[in-house]
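The block underneath contains the structure these notes are about, expressed in structure tokens.
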Amino acid sequence: MAAESPAALPASLADLPAERWPRHIAIIMDGNGRWAQRQGLERVAGHDRGGHVVRAITRECARLAPIEQLTLYCLSSENWKRPAEELAFLMHLLEQYLVNERPIMMEDNVRVRMIGRREGIPDRVLYELDKTVNLSAANDGLQLNLAINYGGRGEIVDAATSLAYQVMAGQLSPGDIDERSIAEHLYTAGRPDPDLLIRTAGEMRVSNFLLWQISYAEIWVTDKAWPEFDEATLHAAIRDYAGRERRFGGLKR
Ligand code: IPE
Ligand code: IPE
Ligand code: MG
């Protein structure tokens, strides 16, 4: 299997000590529509192109052994405000992606999971999603978290609701609710927080992405739109991250 034979690291990253690498990278894949419009194309052509970049970047993260988790913002809970035709295209693209990428994910030993609310996602997309999630469940290489119909505030609401039910059932006392129990009720339960948050297309905002989990993530923004993002840009972000000093509220070491 490809993932078992550690491939050579790219020259630009070969000298980074293991502890300087981000273990979890989260990406706000933005700017598809603007990129397409700049080329004189329809917005959806940007989403189409963006899908190819998802494949390339996932493969690269699977190849770069120190990276354990990749979380991709595919559709926010606020993106339902977009025109019906664009949403229909996005759903079709997602469905195709889940079908076409399945053998590649298996070859790359990638485990796929979804974070977000299932309600509102068409059944045929959920069917392909579940199929990919189940098929890849035993893969122990890169963990790929697809954020679909995801909103950070909604996730915290869902966690609060689930904790409230536990209290009501007498399984939990309100005084026992702490950061750990809240984290355990998020969609990302059991997974580490992102170390590096990348956003493409220049916007300096988090757009309701992983609000709880990015408390201490290092943020890296590029002006490149998602369809222009490539392996070299990913390497540049990792390199930049490796040079940062994370203090977590403490003092310089
Ligand atoms: C990101 O690109 C993809 C999704 C949000 C689904 P956009 O569609 O937001 O592209 P811009 O930001 O309008 O250029
Ligand atoms: C964030 O991008 C959502 C995804 C990348 C899926 P948006 O394009 O929706 O963010 P805003 O509206 O510019 O904040
Ligand atoms: Mg956008």
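The shortest distance between side-chain heavy atoms of I25 and Q69 does not fall below 4.5 Å. In this structure, the side chains of N145 and L70 stay at 4.5 Å or more apart for every pair of heavy atoms. At a threshold of 4.5 Å between non-hydrogen side-chain atoms, the residues P227 and N32 count as touching. Put simply, the side chain of D158 reaches to within 4.5 Å of the side chain of Y187, judged on heavy atoms. Under the 4.5 Å side-chain criterion, counting only non-hydrogen atoms from C-beta, V112 is not in contact with E101. Side-chain atoms of N208 and L211, non-hydrogen and from C-beta on, do get closer than 4.5 Å to each other. Two residues are said to be in side-chain contact when any heavy atoms from C-beta on lie closer than 4.5 Å; I115 and L210 meet this criterion.
Between the side chain of R20 and the backbone N or O of R244, at least one donor-acceptor pair lies under 3.5 Å. Listed for the R199 side chain is a donor-acceptor partner under 3.5 Å among the backbone atoms of R205. Judged by distance alone, the side chain of N134 and the main-chain N or O of D130 form a donor-acceptor pair under 3.5 Å. Counting only distance, with no hydrogens or angles, the side chain of E228 and the backbone of A225 share a donor-acceptor pair below 3.5 Å.
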Side-chain donor-acceptor contacts of residues 230-238 below 3.5 Å, not counting sequence neighbours, with atom names and distances?
from: D230; atom 1: OD1; to: A232; atom 2: N; distance (Å): 3.4
from: D230; atom 1: OD1; to: T233; atom 2: N; distance (Å): 2.9
from: D230; atom 1: OD1; to: T233; atom 2: OG1; distance (Å): 2.5
from: T233; atom 1: OG1; to: K224; atom 2: NZ; distance (Å): 3.2
from: H235; atom 1: ND1; to: E231; atom 2: O; distance (Å): 3.4
from: H235; atom 1: NE2; to: E60; atom 2: OE2; distance (Å): 2.7

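With sequence neighbours left out, D140 forms a salt bridge (Lys or Arg N to Asp or Glu O under 4.0 Å) with no residue at all. Under the rule for a salt bridge (Lys or Arg N to Asp or Glu O under 4.0 Å), the partners of E184 that lie at least two apart in sequence or sit in another chain are R180. Shown here are the ring-ring contact (aromatic ring centres under 6.0 Å, His included) partners of W226, two or more places apart in sequence or in another chain: F229. Under the side-chain contact (heavy atoms from CB on, under 4.5 Å) criterion, K252 pairs with E245, R247, not counting sequence neighbours. Considering only residues two or more places apart in sequence or on other chains, Q96 meets the side-chain contact (heavy atoms from CB on, under 4.5 Å) condition with H92, N100. Listed by chain and residue number, D30, R38, A201, E203 satisfy the side-chain contact (heavy atoms from CB on, under 4.5 Å) test with R34 (two or more places apart in sequence, or in another chain). Under the rule for a salt bridge (Lys or Arg N to Asp or Glu O under 4.0 Å), the partners of D195 that lie at least two apart in sequence or sit in another chain are R246. Listed by chain and residue number, R102, Y127, E128 satisfy the side-chain contact (heavy atoms from CB on, under 4.5 Å) test with K131 (two or more places apart in sequence, or in another chain). With sequence neighbours left out, the ring-ring contact (aromatic ring centres under 6.0 Å, His included) criterion links Y216 to F248.
A salt bridge is absent between R191 and E68; no separation between the charged side-chain nitrogens and carboxylate oxygens falls under 4.0 Å.
Side-chain contact check for D193 and W212: no donor-acceptor pair (N or O, by modelled atom type) lies under 3.5 Å. With 3.5 Å as the limit, one finds a donor-acceptor pair spanning the side chains of N79 and S76. Side-chain N/O atoms of Q213 and H24 include no donor and acceptor closer than 3.5 Å.
Under the 4.5 angstrom side-chain criterion for Ile, Leu, Val, Met, Phe, Trp and Tyr, the cluster partners of M168 are Y165. Taking Ile, Leu, Val, Met, Phe, Trp and Tyr as members and joining any whose side-chain heavy atoms lie under 4.5 Å apart, directly or through other members, I104 forms no hydrophobic cluster with any other residue.
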